[in-house]
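What follows is a set of notes on a single structure, which appears directly below.
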Amino acid sequence: MRFQNIRGSIVAMITPFNEDGSVNFDALTVMLERQIAGGTAAILTLGTTGEYPTMTHEEDAAVVEHTIKTVAGRVPVIVGSGSNSTATQIEMSRRYEAMGADALLIIAPYYNKANTEGMYQHFKTTADAVSIPCILYNVPGRTGCSIPVEVVERLASHPNICGIKEASGNLSYAMKLAHLCGPDFQMWSGNDDIIVPMLSIGASGVISVFANPFPAECAALCNAWFEGRTEDARRDQIRWLEVINNLFIEVNPIPVKAALNMMGLKAGPLRLPLCDMTPAHTEILRRSLEAQGVTLV
């Protein structure tokens with residue numbers, strides 16, 4: 001499927017695990033079908049929420065293969081191929097393109113960071129190496145560095161770079177990129193708590209953690225905005241804000257996997273260094289879900 005001008009809710013999928021730590025492909029199938037039925041516009045696999053840093057390359061490939069096969073072209077599949085090694089990022093990007101990915105999510109180089117030119121070349125050489133669209137990923141809370149505005153502006157004209165997942169939570173930064181938004185370069189919110197503010201400055205939707213447990217609700221919020229029902233979108237953002245905040249009460253994806261398990265959706269355990277939420281935080285999350293009428297097990 002061609003990835004072009006995708007608007008709405010894009011889910012940043014978790015990776016469900018069995019109790020022995022292996023990937024639970026049956027649960028993954030259920031979750032993917034639930035996303036499509038809920039109106040999700042595209043599927044992102046192997047993002048931060050998918051715990052890819054603790055998975056082997058073989059597991060990564062198996063999850064990508066299963067996701068592409070299950071989705072079967074009904075919505076685009078984006079694969080996170082990012083690395084702080086540009087050579088590794090290129091290698092993985094080519095691999096996932098060959099497997100049938102519709103687009104790639106490529107990340108700012110974490111830990112080693114980079115100067116401005118190095119940051120530009122990290123993304124440019126990756127985009128040069130593939131023929132499918134690439135989405136820049138700005139998440140300084142994870143990487144320790146932000147993609148400079150001037151670098152994004154330079155990259156926006158690259159034929160294989162179609163947009164940015166902006167997950168800094170910094171609306172001032174996002175507004176400096178808003179002039180780039182259009183048919184050839186899109187911006188998606190990477191923060192569920194500011195979907196509507198990001199839409200108001202030209203974002204095309206959200207790449208969402210919240211959509212894992214609530215695909216239809218996240219899609220409805222975005223669709224309301226694009227259909228001109230901005231008051232409905234504002235109302236939904238405020239209605240779900242407490243749940244959204246509690247999905248980040250501890251580091252992602254700890255709370256969202258807990259929420260899915262509470263809902264009987266078999267997200268399974270986490271992989272170290274991530275571990276279960278504290279009992280106090282678990283109870284806060286449970287109460288906020290119950291307050292929205294969510295049926296829990």
Worksheet item: When you look at Leu155 and Phe185, which way does the side chain to side chain contact (heavy atoms under 4.5 Å, CB included) test go after all the steps?
Response: CA-CA 10 Å; Leu155 292 167; Phe185 190 87; 5.9 Å; no

Item to complete: Please say whether the positively charged group of Arg142, taken as NZ for Lys or CZ for Arg, lies over the ring of Tyr110, i.e. under 6.0 angstrom from the six-membered ring centre and within 45 degrees of the axis.
Response: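 The answer is no, since Arg142 fails at least one limit relative to Tyr110.
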
Heavy-atom pair with the smallest gap, counting every atom of [X] and [Y]:
X      : Y      : result
Cys162 : Phe3   : SG-CE2, 3.7 Å
Ser168 : Asn191 : N-OD1, 3.9 Å
Met277 : Ile249 : SD-CG2, 3.7 Å
Asn252 : Val256 : OD1-CG1, 3.9 Å

Fill in: Distance-only donor-acceptor check, side chains Asn84 and His122, under 3.5 Å
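No, no side-chain donor-acceptor contact under 3.5 Å.
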
Item to complete: Compute whether any side-chain donor of one residue and acceptor of the other, for Asn212 and Thr49, lie under 3.5 angstrom apart.
Response: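 Distance-only check fails for Asn212 and Thr49.
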
Discussion item. With a sphere of 6.0 Å drawn around CG of Asn18, does it hold more than 12 non-hydrogen atoms of other residues, nucleotides or ligands?
Written reply: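 Counting neighbours around CG of Asn18, more than 12 heavy atoms of other residues, nucleotides or ligands fall under 6.0 Å, so yes.
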
Worksheet item: Do other residues, nucleotides or ligands put more than 12 heavy atoms under 6.0 Å from His57 NE2?
Response: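 No - once you tally the heavy atoms of other residues, nucleotides and ligands closer than 6.0 Å, there are 12 at most.
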
Within the structure provided, determine whether [X] and [Y] are in side-chain contact (heavy-atom separation under 4.5 Å).
X      : Y      : answer
Tyr96  : Asp102 : no
Phe123 : Ile147 : yes
Thr143 : Ile107 : yes

Fill in: Interatomic spacing from CZ in Phe210 to CH2 in Trp240 - rounded to 0.5 Å
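The CZ atom of Phe210 sits 5.0 Å away from the CH2 atom of Trp240.
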
Discussion item. With a 3.5 Å distance limit and no angle check, can you tell me whether Gln292 reaches the backbone of Arg239 through a side-chain donor-acceptor pair?
Written reply: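 Present.
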
Discussion item. Exactly one of Val206, Ile78, Thr40 should register a side chain to side chain contact (heavy atoms under 4.5 Å, CB included) with Ile10. Which one does?
Written reply: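 Going through the options one by one, the only one that passes is Ile78.
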
